[in-house]
Amino acid sequence: MTEAVEQRHFIQQIIDADIESGKWGPPGDRSVITTRFPPEPNGYLHIGHAKAIHISHGLAREYGGKFNLRFDDTNPAKEEVEFVESIKRDLEWLGTKWDGEVCFASDYFGQMYDWAVELIEKGLAYVDESTPEQIREMRGKVGHAGTDSPFRDRPVSESVDLFAKMKAGEIENGKMVLRAKIGMDSTNLNMRDPVMYRVVNAPHHRTGDQWHIYPMYDWAHGLEDSIEGVTHSLCSLEFQDHRPLYDWFIDAINQDRSDDDAIHHPQQIEFSRLAISYTNMSKRYMRQLVEENRVDGWDDPRMITLASFRRRGYTPESIKDFVVGVGVTKFNAMMDMGRLEGALRDDLNKRAPRRMAVLDPIKLIITNWGEHGDESRTETMAGINHPKDETLGTRPLNFAKELYIERDDFMIDPPKKFFRLGPDREVRLRCGYWVKCHDFKTDGDGKVTEVYCTYDPHTKGGNNPPADSEGKVRKVKGTIHWVNANEAVDVEVRLFDRLYNAERPGKKTGDHLDDLNPDSLHVVTNAKVEPCLVEQMSDEPKWPDGIRRFQFERLGYFCVDSDSTREKMVFNRTATLRDSWAKKS
RNA sequence: GAGGGAUUAGUGUAAUGGUAGCACGAGGGUUUCUGAUACCCUUAGUAAGAGUUCAAAUCUCUUAUCCCUUACCA
């Protein structure tokens, strides 16, 4: 027996060391640790965000520190209130609670402006009247130095005046920017006199027409973190090249300040973002799918937004299990989509109540039903709601002469390894009776329409029949699901396949639409389900998010879709069950 | 043509100079009123090369491959 050592990922190791050294407060004080999730409200959250959320939130909770939700709303052109609301909803659904009020970068615009003026006065920033094209040109290319702007050495007072005019709305879009004065020869292009402010004469969803200049990400982000006392500002790998700038801006503000006046300097740490096979995390791609109606909105169950996972029936717990399982590294990993499904199945298998539904029904008629009682009778069986969790109890299942079974569960000429129904084959009807097929009927196309069976009255409830005179008990290999033909309710069931056929959509041709799977949605309109799926029973377990989830036995996990009406229920297949039979054949 | 980051079983992730481990997958088996679940077994790895060292996944160098950066987006 070796003692299990808790594995600490690289960010935890950094924080552990910080706490020991007292970098952020008294040594040993864990509660100073502050993290944040800083979405831009310009789209829906996707599963990649769930990883970022759980890392930052999980760290804050682990250390007993603070976690902020902050909207990085620095670009009024692309941002909308709709997204603020959807993001808050998604976080709540995930079970992520932020500390204090929701923060907005726009609340700090005044403070940022003052600091920008301070930088101008220190000679560390200047107003540039070059065109965007000229600025791009002067920035230079990789491997070659850039050139100075002709406005670079203008007097401080001139920049102060012009910056005030920019702020006052006296300058047209694109005519002026405020740039940091760092140097045009850095090998890091981000450091070549980056733009701090641009003129945007457009209303902001929160500040209205108060501002006519808006801060750029690199200038704003570290300041937002600083104001909020964030200690560890976690972001994805592509910001590694921005870290020198993140640090430069805070150092520039602190230049010439005493220790008492210095602003807080958080530490930016980068980790790899989540990638999943057969998907693409690009917000741009998702937006295109929605806007071109390739999918049915941001919450289409085939998408990978959190809203779509929710609608499809995924549990927030399974998403958390998945992203935690991915780990925290700097390696650009590609996760298998099956891993996410696996996490989902693990969770739903434990919690989802079982029901029976037939997606592609054929009629099964018990020809000897009248020989053991009234032919029109129904017999009520106890349907086991969960094979491993008896506290979920049973539900009544009404067995009768005419049932529906799954088309896939009958073969006219079945191979030996087929454990289901066929001529002269006997199977157990789940929680019902054993039936043996003696005949069937087909239509003109040879399609089976009806299957005729006899049942064994000694197998009620699905139990084994008594032993014969030699002490042997008859066995069946297969158990199949069924619904009562008289009571079954017609519902719509939506079956989803992957949205893309390629492991990396768009990789080959450059256009992700080329890899779209044309058969990603199958709608079954005449599925038959147990009545209790429509007439909900009082003891049906409640899910915290209000979504009704079930396992349809032998078929998979399903949930009630929001399109459901009293007249027509709609179910989404969240995931299939693992199927080693289908894999073999 | 530059800079930054990365590379450990099929996939993901540990081991921080001292026994290369875990999970998922895959293959096989047991149990089973879901061809599910559960349980058991098997499988397979340090990108390549050189160096330092008693000892290297770990330190150094070279090479290869992949990702990021050339927005008045974030």
Side-chain angles (χ1 to χ4, degrees), chain A residues 2 4-5 7-10 13 38-40 42 72 74-75 77-79 128 130-132 135-136 139-146 173-179 186-192 194-200 213-214 216-218 220-221 235-244 270 272 275 277 283-284 325-336 338-339 342-343 345-346 349-350 354 356 384 386-388 417-420 427-432 434 459 461-464 476-481 551-556 576-585:
Chain A
T2 50
V5 181
Q7 292 168 354
R8 311 287 290 161
H9 62 67
F10 79 100
Q13 292 178 32
E40 184 189 13
N42 71 341
D72 204 8
T74 57
N75 186 354
K78 302 197 306 186
E79 296 156 7
D128 193 338
S130 307
T131 65
I135 289 177
R136 194 179 311 131
R139 184 160 31 236
K141 294 267 183 257
V142 290
H144 303 275
N173 289 356
K175 292 292 185 202
M176 283 182 199
V177 291
L178 183 72
R179 297 179 73 180
S186 173
T187 54
N188 181 347
L189 265 34
N190 297 126
M191 296 295 278
R192 316 242 260 229
V195 174
M196 295 165 64
Y197 277 95
R198 76 283 210 189
V199 176
V200 183
I213 53 172
Y214 290 89
M216 300 289 291
Y217 170 86
D218 286 307
H221 203 86
C235 60
S236 46
L237 244 32
E238 67 266 31
F239 290 102
Q240 286 175 125
D241 290 338
H242 294 249
R243 185 170 6 107
E270 311 85 15
S272 63
S277 58
K283 250 189 218 179
R284 218 190 86 233
V326 170
V328 181
T329 69
K330 293 170 90 103
F331 175 66
N332 272 308
M334 172 71 78
M335 292 301 293
D336 193 331
R339 192 80 171 248
R345 290 194 188 105
D346 278 351
N349 175 51
K350 291 192 194 93
R354 313 287 128 125
M356 286 200 279
I384 299 162
H386 197 291
K388 292 269 165 67
K417 286 284 197 181
F418 185 81
F419 299 149
R420 309 172 192 179
V427 295
R428 172 189 294 113
L429 293 171
R430 175 81 168 148
C431 300
W434 291 20
T459 58
N463 293 314
N464 290 353
V476 289
K477 281 296 265 184
T479 299
I480 66 174
H481 58 277
Q551 184 196 100
F552 291 173
E553 296 218 32
R554 304 207 309 129
L555 294 177
T576 60
L577 258 30
R578 286 184 66 203
D579 188 349
S580 55
W581 165 248
K583 213 156 56 180
K584 268 179 204 158
S585 38

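Every chain is numbered from 1, with letters handed out A, B, ... down the list of sequences.
Contact annotation: the side chain of A/Y197 never approaches that of A/M176 to less than 4.5 Å [non-hydrogen atoms, C-beta and beyond]. Using a 4.5 Å heavy-atom threshold, the side chains of A/Y214 and A/N75 count as separate. A/T479 places none of its side-chain heavy atoms less than 4.5 Å from the side chain of A/E553. Taking 4.5 Å as the limit, every side-chain heavy atom of A/H221 sits out of range of all side-chain heavy atoms of A/H242.
Both distances falling under 3.5 Å, in either a Watson-Crick or a G-U wobble arrangement, occur for no nucleotide opposite B/A44. Here B/C66 sits opposite B/G5 as a Watson-Crick or G-U wobble pair (both hydrogen-bonding atom distances under 3.5 Å). Nucleotide B/C39: paired with B/G29 (Watson-Crick or G-U wobble, both distances less than 3.5 Å). Partner assigned to B/G51 is B/C59, using Watson-Crick or G-U wobble distances below 3.5 angstrom. Across every strand in view, B/U11 sits in a pair with B/A23 that passes the Watson-Crick or G-U test at under 3.5 angstrom.
For the OP1/OP2 pair of B/G35 and a distance below 4.0 Å, the side-chain nitrogens and oxygens of A/R554 include at least one atom meeting the criterion. Regarding contacts with the backbone of B/C72, every side-chain N or O of A/K175 stays at 4.0 angstrom or more from both OP1 and OP2. Distances shown here put a side-chain N or O of A/R198 below 4.0 Å from the OP1 or OP2 atom of B/A74. Note on A/R139: every side-chain N or O is 4.0 Å or more away from OP1 and OP2 of B/A2. Distances shown here put a side-chain N or O of A/T329 below 4.0 Å from the OP1 or OP2 atom of B/U13. OP1 or OP2 of B/A74 lies within a sub-4.0 Å distance of a side-chain N or O belonging to A/T74. Phosphate contact (OP1/OP2 of B/C73, side-chain N/O of A/K283, threshold under 4.0 Å): absent.
A/H242 comes within 4.0 angstrom of a base, heavy atoms only. In this structure, A/K350 reaches neither bases nor backbone, as no heavy-atom distance under 4.0 Å exists between it and the strands shown. At a threshold of 4.0 angstrom between heavy atoms, the contacts of A/T576 with the nucleic acid are absent. Across all strands, A/N463 comes closer than 4.0 Å to base atoms (heavy-atom distances). Using a 4.0 Å heavy-atom cutoff across all strands shown, A/E270 reaches no nucleic acid atom at all. As judged by a 4.0 angstrom heavy-atom cut-off over every strand, A/K141 is placed among the base-contacting residues. Across all strands, A/R430 comes closer than 4.0 Å to base atoms (heavy-atom distances). Within the 4.0 angstrom heavy-atom criterion, no nucleotide atom of any strand lies near A/R243. Using a 4.0 Å heavy-atom criterion, one finds that A/F239 contacts the bases of the nucleic acid, with or without backbone contacts as well. Among the protein residues, A/E553 comes within range of the nucleic acid bases, having at least one heavy atom under 4.0 Å from a base atom. At a threshold of 4.0 angstrom between heavy atoms, the contacts of A/R354 include nucleobase atoms, whether or not backbone atoms are also involved. A/V195 comes within contact range of the sugar-phosphate backbone alone, with a heavy-atom separation under 4.0 Å but no base atom that close. Within 4.0 Å of A/F10, counting heavy atoms only, lies no atom of the nucleic acid at all. Residue contacts for A/S186: at a heavy-atom cut-off of 4.0 Å it reaches no nucleic acid atom on any strand shown.
Put simply, OH on A/Y197 is 14 Å from P on B/C73, counting in whole angstrom units. A/D241 has its CG atom 12 Å from the P atom of B/G3, to the nearest Å. The separation between A/K330 atom NZ and B/U16 atom P is 19 Å, rounded to whole Å. With rounding to whole Å, A/R192 atom CZ is found 8 Å from B/U70 atom C1'. Whole-Å rounding puts the A/L178 CG to B/C72 C1' distance at 12 Å. In this structure, A/D579 atom CG and B/A36 atom P are separated by 8 Å, rounded to whole Å.
Closest contact between the side chain of A/H9 and the listed nucleotides B/A14, B/C68, B/C72 involves B/A14. The side chain of A/K388 sits closest to B/U37 out of B/G12, B/U37, B/U34. For A/V142, whose side chain is taken as the heavy atoms from C-beta onward, the closest listed nucleotide among B/A14, B/A71, B/U69 is B/U69. Side-chain proximity of A/H144 to B/G1, B/U69, B/A14: nearest is B/G1.
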task = Please test A/N188 against A/S186 for side-chain hydrogen bond (donor to acceptor under 3.5 Å, both in side chains), starting from the C-alpha separation and ending with a verdict.
result = CA-CA 5 Å; A/N188 181 347; A/S186 173; 5.4 Å; no
When you compare the protein's N or O atoms with those of nucleotides 22-24 of chain B, which come within less than 3.5 Å of each other, and at what distance?
none

Considering only nitrogen or oxygen atoms on both sides, find all protein atoms under 3.5 Å from nucleotides 63-67 of chain B and state each distance.
{"residue": "B/C67", "atom": "OP1", "partner": "A/K507", "partner atom": "NZ", "Å": "3.3"}
{"residue": "B/C67", "atom": "O2'", "partner": "A/N332", "partner atom": "ND2", "Å": "3.2"}

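Stacking here means ring centres nearer than 5.5 Å and ring planes tilted less than 30 degrees, and by that measure A/F331 does not stack onto B/A6. By the 5.5 angstrom centroid cut-off and the 30-degree plane limit, A/W581 is classified as stacked against the base of B/G35.
Taking the nucleotide of RNA chain B with the nearest heavy atom to each of A/K78 and A/P387, the more 5' of the two is matched to A/P387. Heavy-atom distances to RNA chain B give each of A/I384 and A/G143 a nearest nucleotide, and the one nearer the 5′ end belongs to A/G143.
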